[in-house]
Amino acid sequence: MAFGSSSLIWFRKGLRIHDNPALDYASKGTAALYPVFIIDPHYMKPDYNAFSPGSSRAGLNRIRFLLESLVDLDSNLKKLGSRLLVLKGEPGEVLFRCLKQWDVKKLCFEYDTEPYYQALDVRVKNGGKPPLTYQSFLKLAGEPSWASSPLMTSRSSLPLVGDHGDCEIFEVPTLKELGYEDTEQEDYLTPFRGGESEALKRLRDSLSDKVGYGFLEFMDRCVFELTCNFANSISLEVNLRTRVKDVNFARLSKREADVVSEWVAKFEKPKGDPSAFLKPATTVLSPYLKFGCLSSRYFYQCLKDVQKIVKKHTSPPVSLVGQLLWRDFFYTVAFGTPNFDQMKNSTICKQIPWNDNDELFAAWREGRTGYPWIDAIMVQLHKWGWMHHLARHCVACFLTRGDLFVHWEKGRDVFERLLIDSDWAINNGNWLWLSCSSFFYQYNRIYSPISFGKKYDPNGNYIRYFLPILKDMPREYIYEPWTAPLSIQTKAKCIIGKDYPKPVVLHDSASKECKRRMGEAYALNKKFNGLVSEEELSSLRKRLEEEDDKKNQVQEVKTKKQKTIDDWMSTK
DNA sequence: AGGACGTTGTCGCA
DNA sequence: TGCGACAACGTCCT
C-alpha cells in the first residue's frame, strides 16, 4: 500500500506549520506524509456532572479553541497540498494500527530533542536541584543557542498525503458533533479564536503597536452593549470615544508600524491594567503558545528584533521576553520537582492547614462571594476562559491565603479546566506562588478585593460588564455594594442579599486571621524543616479553628451587647 | 553568618 | 506620584 517510505507527524500540541521541527523532520526525504490528529472521545465528550459546560477535563471554551486550531491547521496544510487526517479513538491504539497499516517508517511528534534543550536539561538539573528563583534560573539558562539562528517559518509545499487504506478519516468535528448543544450562546463564547493564523495575526498586531486582533470587530459589539447597558454613564461614553479615536489613529498611522513598537519595548507586566477588557493590557498570546499555534522561539526572535531597533527597552522579568522566560522557568522547576502539583510529598511546597470549606469554595468558583471585583473576574473566567494576569492574582490570593483559606489545589483545578491557556507547569507554579506555598513567601502582602480593582477602574466598568446585575449601582458603592443604603439599592434594582449576595467573609477580619494562620503554619514548617507530618498539620488545623471559634464567640457577644445598646438607644 | 534581593500590597501622608 | 511604615518571609551569594 505504501510506496517508498512514508512518515507520520502526530500533532498533539504544536498545531502550526511555522517553525515546527517535528514537521520539518517528518517531511524531509519522504514520499508520503501522514499529518494526523487523534481525537480521544473520552477527553472530548461532554461531562454533564462537571461544574461547568465541557468535558471531564476541559471547559467548553478550550475545546472550542482546540477545534478552531485544528480547522486552521487543516486549512494551512491544504494550502501546501496536504491535509489533516483526523482519527478517533484511544490514541495509543489508533496510532499503532495506522503505523502498521500505512507502513510508516518515521513517526515524528513534538519533543524537545534539540541539543539546546538537552544541554539545558543537563545544566538546569543543577545537581538535581532546579532553580527556585527567576534570577538563578536566568543564570543557569543563559541565552538560547537558537536565539539568532534562522527558523523555518514558511514553506511552499509538503509531501503528498499517503493512501489511508481502510482507516476511517474524519473532518475536524464541530462542537455539535461532539455532543455539545446550545453552543452558540453568545454569553459563553470567548472572544479569542483559535489557530495559527490568528496567532500570527495577533503577534503582528502586538509587534506593530496595533490594537489586538479582532478588537474593532469585537469593539462594535461592546460599544453597542455598553451604551445600551449604561446609557446614563457619561464617563464611560467619554472613555469609549477616546479609545475609538486611539484605534483609528493606530490604524491610519503609517509610521514604521510594521516593525517598531513602543508598546513592546516598554512592556512592564506589573503595570498592566487588569480591568481592561475591550483592549487587554497584555498580548493574549498565551493560549496560542499553549496549543503551539505560535512557536515560542519565533515569538522570542521577533521580540529580540524589536529590541534591536528601539533605543530603550524593559528587561526580564517584567518585559515581554521576560514573560517567555517565566514560562521556561516554571517548566524547568516543574520538570525537576516530584509531586510539583500537590502539597503532600512536595519538596518545595509549604505544608499549610488549609480549611475544607466547600461552601466558601463553591461561592468563589461560581462568582458569588459578594465582592464584585472578585466575582466579575470569576465570571470572565467562565465566559472568556481568559483574565489578565493580575486579575488571576486577586482571585487566587482571595481563595487561599488572603481571605477564604481554601486549598490552592482546588482553585488550581478550576483554572486548569476553564482557562483556554491553562498550562500544567505554569498554572501549578502560579498557584504555589500566590498561595505563598513556594517561590513567594510574603504572606503579609494581600490584595484587597476592594481597593485593588478600584485604583484601575474607579467607575467599575469591568464589574458592570461582567456582572450586569450591578450595572446601575452608583460608582461610590460598586466595589462594596453591601454598604449602599437600601434606597440606593432599590433604585439600582439590586438588593444585596437577594439580587446579589452579601460578602461571604469580612475582608478585614478574614485577612487578619489568614495572616495569623500563615504565621503559625510557617513556624511549624520551620520547626520540622519542611517535613511536617500529617498529624502535626491536622493538630495545627484543629488548634487554629478552635481559637478562631473562640474569637468569633467573643465577637458575637460583643455584637449582641452592641445590639442591645443600640436597641435601647433607639427606644429612647 | 550576614546581607541583598525578590515581576506586580495597602495605607496614610506629603 | 512617590515615599515610608507596616512586619517580615526564604533563597542565594558572599
Side-chain angles (χ1 to χ4, degrees), chain A residues 124 126-127 129-141 266-276 280-283 286 313-330 332-333 336-337 346-352 371 373-374 377 387-398 400-403 426 429-458 479-480 507-532:
Chain A
V124 298
N126 195 25
K129 275 167 87 179
L132 291 175
T133 66
Y134 189 83
Q135 296 305 331
S136 56
F137 166 76
L138 289 188
K139 253 189 194 167
L140 229 41
K266 286 185 178 161
F267 186 88
E268 273 182 84
K269 188 71 165 287
K271 291 203 175 149
D273 176 354
S275 70
T282 50
T283 61
S286 54
H313 62 81
T314 51
S315 299
V318 298
S319 64
L320 278 172
V321 169
Q323 303 316 301
L324 273 173
L325 294 172
W326 276 109
R327 188 167 166 271
D328 269 56
F329 167 69
F330 283 122
T332 306
V333 200
T337 307
S346 165
T347 49
I348 63 162
C349 182
K350 285 247 177 308
Q351 303 300 302
I352 295 166
Y371 288 91
W373 171 245
I374 299 297
I377 295 168
M387 317 91 93
H388 185 272
H389 188 67
L390 286 177
R392 302 182 192 200
H393 275 218
C394 287
V395 294
C397 177
F398 186 87
T400 58
R401 67 183 169 84
D403 290 84
I426 302 173
N430 276 303
W431 277 96
L432 284 161
W433 188 296
L434 262 299
S435 63
C436 281
S437 296
S438 198
F439 307 116
F440 177 77
Y441 307 96
Q442 282 164 288
Y443 56 79
N444 292 319
R445 295 186 188 172
I446 292 175
Y447 291 94
S448 162
I450 296 152
S451 37
F452 189 80
K454 206 186 270 182
K455 76 182 170 205
Y456 297 96
D457 179 16
Y479 284 87
E480 303 163 271
H507 174 65
D508 279 351
S509 51
S511 58
K512 236 180 222 158
E513 173 63 17
C514 281
K515 283 184 210 170
R516 190 179 75 89
R517 291 182 178 206
M518 290 300 285
E520 298 263 7
Y522 269 45
L524 191 67
N525 278 269
K526 207 171 204 171
K527 184 175 163 193
F528 293 101
N529 201 17
L531 297 166
V532 180

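Labels below follow one simple rule: chain letters A, B, ... track the order of the sequence lines, proteins then strands, and each chain is numbered from 1.
Using a 4.5 Å heavy-atom threshold, the side chains of A/F329 and A/L324 count as separate. Taking the side chain as every heavy atom from C-beta outward, A/H313 and A/S319 never approach each other to under 4.5 Å. Taking 4.5 Å as the limit, every side-chain heavy atom of A/W373 sits out of range of all side-chain heavy atoms of A/I450.
Annotation: C/dC13 and B/dT7 have their P atoms spaced 13 Å apart (nearest Å). A gap of 23 Å separates the P atoms of C/dA8 and C/dC12, to the nearest Å. Atom name P, nucleotides B/dC5 and C/dC6: the rounded distance is 22 Å, in whole Å.
Remark: side-chain polar atoms of A/Q442 are not paired, donor with acceptor, to backbone N or O of A/F440 under 3.5 angstrom. Between the side chain of A/Y443 and the backbone N or O of A/Y522 there is no donor-acceptor pair closer than 3.5 Å.
Contacts between chain A and DNA chain B, taken as any atom within less than 4.0 angstrom of a protein heavy atom, begin and end at B/dG6 to B/dC11. Protein chain A contacts DNA chain C over a range whose 5' and 3' limits, counting nucleotides with an atom under 4.0 angstrom from a non-hydrogen atom, are C/dA8 to C/dC13.
Using a 4.0 Å cutoff on non-hydrogen atoms, the parts of residues 434-458 of chain A near DNA chain B are A/Q442, A/R445, A/I446, A/Y447, A/S448, A/S451, A/F452, A/K455, ordered by number.
For the residue pair A/L325 and A/F137, the shortest heavy atom distance occurs at O-CE2, 3.5 Å. Between A/T400 and A/C514 the shortest heavy-atom distance is O-SG, 4.2 Å. For the pair A/I352 and A/S435, the tightest heavy-atom approach, listed with the atom from each and the gap, is CD1-O, 4.3 Å.
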Margin query: Under the criterion salt bridge (charged side-chain N to carboxylate O under 4.0 Å, His left out), I'd like the reasoning laid out for A/K454 against A/E480: C-alpha separation, chi angles, the key distance, then a yes or no.
Written below: CA-CA 10 Å; A/K454 206 186 270 182; A/E480 303 163 271; 3.8 Å; yes
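Note on A/Q135: only backbone sugar-phosphate atoms sit closer than 4.0 angstrom, heavy atoms only; bases stay farther off.
In this structure A/E513 satisfies the salt bridge (charged side-chain N to carboxylate O under 4.0 Å, His left out) test together with A/R516, A/R517, A/K551, sequence neighbours excluded. In terms of the salt bridge (charged side-chain N to carboxylate O under 4.0 Å, His left out) criterion, residue partners of A/R392 (sequence neighbours excluded) are, by chain and number, A/D421.
Side chains of A/H388 and A/D273: no donor on one and acceptor on the other come within 3.5 Å. The closest side-chain donor-acceptor pair between A/Y447 and A/H393 falls under 3.5 angstrom.
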Next item on the list: Fill in the dot-bracket string of DNA chain C, one character per base: . for unpaired, | for a pair to another strand, ( ) or [ ] for pairs within the strand, taking Watson-Crick or G-U pairs under 3.5 Å.
Entry: ||||||..||||||
